[in-house]
Protein chains: 2
Amino acid sequence: MTSDRRRIHPRKQPRQARAELTRQRILDAAAHVFGEMGYAAGTTNRIAERARVSIGSLYQYYPNKDAILLELVTRHLDEGRQALERLREETLPGTLEGIFRAHVRIVIDNHRDDPHLLQVMAEQAPRASEVLERVSRYERERVAYVEELLTRHPDARVRDTHVAARLIVATVELLVHQLTAAPDPVEAGRLENELVAMVTRYATGGGAV
Amino acid sequence: MTSDRRRIHPRKQPRQARAELTRQRILDAAAHVFGEMGYAAGTTNRIAERARVSIGSLYQYYPNKDAILLELVTRHLDEGRQALERLREETLPGTLEGIFRAHVRIVIDNHRDDPHLLQVMAEQAPRASEVLERVSRYERERVAYVEELLTRHPDARVRDTHVAARLIVATVELLVHQLTAAPDPVEAGRLENELVAMVTRYATGGGAV
DNA sequence: GTCTATAAATAGATAGAC
DNA sequence: GTCTATCTATTTATAGAC
């Protein structure tokens, strides 16, 4: 029989690392399948197949289909959130245009990997309650951030800061989704410039920036 | 037995009218169910139930579920399209802001009935090929219209008219969807003003409007 | 023309062998 | 830990009585 020492310290024991790798494979496969086929057609069987894992194994890593999507959404949101947090700490100095540019760039970068997946997540996922909650919480944070900016920054000229902030956040998010995932996508640099122009001119009341 | 005359001219024969009414009932029910529950959860059984028609009857009017959605989408697009067509004939005089206002108002009006349904149609329907084709054709028409406007109108100050037109059309459409269907919708009149301000300032290069 | 009952297909999820 | 085989639920769609 195997000694206790052997059992307690099997050599090069890759348990956790291997499991983590499989999780990641499943997640990558799900990202691909959802992005390519949409949420409904992205079945667990197809995800398992692409991850080259049996359906049974998939269910050992995730309790159900929505849990996979939830993790995908959570990771995406967390990346954006962290980037925004860094921005928030760095800049209050700078022009309004400069701040908006940083903001827009974060959103575009955050969507570069897989625009189609992001579109699926933004459009089809939110019906699931927990995903919806996370998305809307993140959105509220961003609106609050922009609203504060519109209140404090000397360049800002808007009457209702709350509504204006909602418009700005929605504009950036939705247009990046739409125009990077379109069949004929707008090039990233140009999109950045145009979006910055749009929201800056809006926020500064149409005066010179 | 019944005479030939009786068979050919049954009195007050309501065949077509009644059928048309049933079709409309099914369509209304589908609009409600899709808008309330989304596309996937909007099953044919639920639609039939709400229309107070048996499932068998429903399939006598529509060959499948997607055909119902397609008709819903088509009707919506046609309404917007006709309104846009009227606008196009009436105005080339007027300020750029005035034209944009008319444009924005059309979109808002076109979404007033049932914002949630429209959001479902915009988000979940497009995966179906035929619907996608119609939606993108209508969108191309609108982009072409705005692009021409940006090219000809003296107030317009944009470099790349095509990209600018895409941004403007997408902004109006997406923000109306998002902000009228949100849990805390932005009031229609205010939304109109803010959207007009945003796209006008963008199109006029940030100068005074 | 409308209904009930059900067929056919496919999804998500689980059991149990290995 | 991973697999195959299978269950259960649900959906679209059809058949056939009335």
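Sequence lines set the chain letters: A, B, ... in the order given, protein chains first and strands last, and positions in each chain run from 1.
The CD1 atom of I55(A) sits 11 Å away from the P atom of dT4(D) (whole-angstrom rounding). Between the P atom of dG1(C) and the CG atom of L21(B) lies a distance of 13 Å, rounded to the nearest Å. Counting to the nearest Å, the C1' atom of dC3(C) and the CD1 atom of I26(B) are 14 Å from each other. For E49(B) and dC3(C), the CD to C1' distance is 15 Å, given to the nearest whole Å. Distance CG (N45(A)) to P (dT8(D)): 18 Å, rounded to an integer number of Å.
Between R101(A) and E97(A) there is a salt bridge, with a side-chain nitrogen of the basic residue lying less than 4.0 Å from a carboxylate oxygen of the acidic one. Taking 4.0 Å as the cut-off between side-chain N and carboxylate O, R75(A) and E71(A) count as a salt-bridged pair. Note on R25(A) versus D28(A): no salt bridge recorded, every NZ/NE/NH1/NH2 to OD/OE distance being 4.0 Å or above. R88(B) and E148(B) are joined by a salt bridge, as a carboxylate oxygen and a charged side-chain nitrogen come within less than 4.0 angstrom of each other.
OP1 or OP2 of dT2(D) lies within a sub-4.0 Å distance of a side-chain N or O belonging to R18(A). The side chain of S57(A) contributes an N or O atom lying less than 4.0 Å from OP1 or OP2 of dC3(D). Side-chain nitrogen and oxygen atoms of R46(B) include at least one within less than 4.0 Å of the OP1 or OP2 phosphate oxygen of dT11(D). Using a 4.0 Å cut-off, no side-chain N or O of S54(A) falls inside it from OP1 or OP2 of dT4(D).
Counting heavy-atom neighbours within 6.0 Å of E130(B) CD, excluding the residue itself, gives a total of 12 or less. Within 6.0 Å of atom CZ in R52(A), 12 or fewer heavy atoms from other residues, nucleotides or ligands are found, so the atom counts as exposed in its surroundings.
Within 4.0 Å of T43(B), counting heavy atoms only, lie sugar-phosphate atoms of the nucleic acid but no base atom.
For the segment residues 58-74 of chain A, residues with any heavy atom less than 4.0 angstrom from an atom of DNA chain C are, sorted by number, Y59(A), N64(A), K65(A).
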